[in-house]
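Here's the structure, in C-alpha cells; my notes come after.
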Amino acid sequence: MRYEVNKPDVVDESVDGEALIVHLGTGAYYSARGAGDVAWQLIAAGKSVEEACQSHSFENSVLAAFVEQLLAEELIRARTLPPSEVNGLVSVPGEPQLEKYTDMQELLLLDPIHDVEEAGWPRAKPAAPGT
Amino acid sequence: MTPLSTPQTAEIPDSAQEIFGDAFVRAAEVSGGVVCMPFALGPVRFTFEFAGPALRPPLGAPFEHLRTEGAGADVTIRAWDTESTGVQLPATLPTPGSVYAQSLPVMREESDCRWAYFRPDPGLTLFDSRTRTGIYWVPAASSLTYGDIAGGFRAIIAWAMAERRMQFLHSAAVAYRGKGALIVGASGSGKSSTALACLLGGLEYLGDDHCLLDLQPEPRVHSIYAAAKLHDAQLTRFPELDPFVVNRERVAPEKGVAILYPPFAQLLPRTRPLAAVLVPQITGESTTVIEPIGAAAALAALAPSTLLQMASADRGGLSAMAELVRRVPCYRLRLGTDREEICAVVTRFLETGAE
C-alpha cells in the first residue's frame with residue numbers, strides 16, 4: 001500500500017530534522033521529530049511500509065502503527081501514482097512518533113472564510129471536534 | 001474628491017467584479033465621488049477607492065505611513081458602506097445575516113481566482129485576481145470592529161500579495177539600525193507587548209500582529225498597518241498610547257486600536273531586512289533573555305497561527321515560512337516583566353548579536 005499527503009487540506013515541511021504538518025481543515029497541527037520525520041518523508045513520498053523498513057531499518061509493526069495514526073488523523077491517503085525519489089534521507093535511531101497540537105483550532109472557527117472547491121462552490125469549514 | 005471613472009469590467013461578464021463593481025459605482029455616485037488613497041506595500045502599488053468619505057478615516061488611517069503620490073496601481077481595493085451611501089449589496093444575493101447564519105456561500109464562484117466571505121457582523125471581502133481588484137462592503141462605518149480597522153482588508157491583501165510570492169504573516173516586527181526582527185507566536189505569546197515595548201523605547205515598528213514577508217532577494221519584512229491593538233491591561237501597561245486610541249467605545253468589549261501615524265512617524269519604516277526571528281515566551285521572571293533555538297521550533301511558532309488564521313490564502317505559505325527560518329537565525333525571547341528591559345535587550349541584540 002502506498003500513500004500521499006492529503007492535499008490540499010494538509011501541508012507539511014521538514015526543517016532541521018522535524019516535520020511540521022498542518023491540517024487546514026481541522027486546525028490541528030503535528031510534529032514528527034527525528035525518526036518520525038524520516039518516516040513521514042518516506043511515507044509521504046509513496047514508499048510502502050515494507051520498502052521504508054528495508055531502506056531505513058524501521059521495525060515493521062512500529063512503522064505500520066505510525067502509518068495507521070497518520071491515516072486516522074487524515075494526514076495521508078491512498079496513492080495511485082508510483083513513489084517519488086527520496087534522496088539523502090539518513091536513518092535516525094528511535095521509533096517514529098507523532099505529536100498532535102490543537103491549541104490553534106479556535107482560529108479556524110473565528111475566521112469564517114469558505115474555501116472554494118474545484119467544482120466552484122465554497123465549502124464550509126467543518127466544525128471542531130466536540131462542537 | 002476624484003471624479004468617478006468607469007471601472008474596467010467590460011470583458012468580464014457575470015463576474016464578481018461586475019456585480020459588486022456596479023454597486024460600488026452607484027455608491028460613489030450618490031456620495032459625491034471616489035475618495036482615492038494611493039499607497040505601496042513593498043514593491044506593489046495599491047489604491048484604495050472609497051465611495052464617499054465615510055470609510056476613508058477608519059480604514060485608511062492604518063496605511064497612512066505607506067502613502068505614495070504616483071498614479072497607477074497594481075491592485076485596486078474599492079470599499080463602500082450602505083449607511084452613508086444608501087446602496088445595498090446586490091439584491092440577487094442572499095441577505096448577509098442568513099448567509100452567515102447558515103454558513104452558506106456568498107455567491108457562485110466561476111473560476112478558481114475569486115473568493116468571497118462574510119464576516120459575522122456582517123461584511124463582504126472579495127478579490128478578483130483577473131482584474132486585481134478587491135471589493136469590500138460593510139453596513140456602516142460604525143460597524144467596523146477593532147480587527148477591521150487594525151487589520152483592514154487583510155484577506156484581499158493576503159490574496160493579492162500571494163500572487164507576488166509574498167506571504168502575509170501573523171507576526172509582529174521591529175527594527176534597529178537597519179536590522180529587522182520578526183516576532184512570531186500564537187496570540188497571547190507576547191508578540192504585541194514586545195513590539196509595543198520596543199516602539200515606546202525608540203525602536204522602529206513594522207507591526208504588532210500582521211506583517212508581510214518577502215524572501216527575494218533577501219528576507220525582508222514589509223510593514224502593513226501603523227496601528228496597535230490593545231486590550232484593557234495593555235492600555236494600562238502602555239499609557240503613552242492611550243491618546244491615540246480611535247475606538248474608545250469598543251475597548252471594553254473588544255480591543256482598542258491606537259493609530260501610530262503621525263505621532264510615531266519617525267519610527268514607522270516601510271520595510272527592513274530581517275536579521276532574526278524571535279519567539280517570545282512569557283516567563284514571569286524579572287529579566288529578559290535571548291537564546292538560540294532551532295528553526296523547527298520557530299516554524300512551529302509561526303506557521304500554524306498564520307496558516308489557520310488565513311486558511312483560504314496561499315497554501316504554499318508554509319514553504320515560504322520554512323525558507324525564512326532556514327535563512328534567518330531564530331531565537332527564544334524569554335520575556336521578563338520589566339518593559340524597558342525588554343526593549344533594551346532587543347536593542348542590544350540587534351546592535352551586536354543578530355547576524
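Just so it is clear, the values below take in all heavy atoms, side chains as well, and ignore hydrogens, waters and symmetry mates. Throughout, a chain's letter reflects where its sequence line sits, starting with A, and its residues are numbered from 1.
Other residues, nucleotides and ligands place no more than 12 heavy atoms under 6.0 Å from the CD atom of A:Glu95. Within a 6.0 Å sphere centred on CD of A:Glu99, other residues, nucleotides and ligands contribute more than 12 heavy atoms.
Considering only heavy atoms from C-beta on, A:Leu20 comes within 4.5 Å of B:Pro304 through its side chain.
With chain A as the partner, the residue from B:Ala297, B:Ala295, B:Ala303 showing the most heavy-atom pairs under 4.5 Å is B:Ala295.
In this structure, B:Arg326 and A:Ser14 approach most closely via the heavy-atom pair NH2-O, 2.8 Å. Across every non-hydrogen atom of A:Val22 and B:Leu308, the tightest pair is CG1-CD2, 4.2 Å. In terms of heavy-atom proximity, B:Ala322 sits nearest to A:Val15 at CB-CG2, 3.9 Å.
The OH atom of A:Tyr29 sits 13.0 Å away from atom CG of B:Leu318, with the distance rounded to the nearest 0.5 Å.
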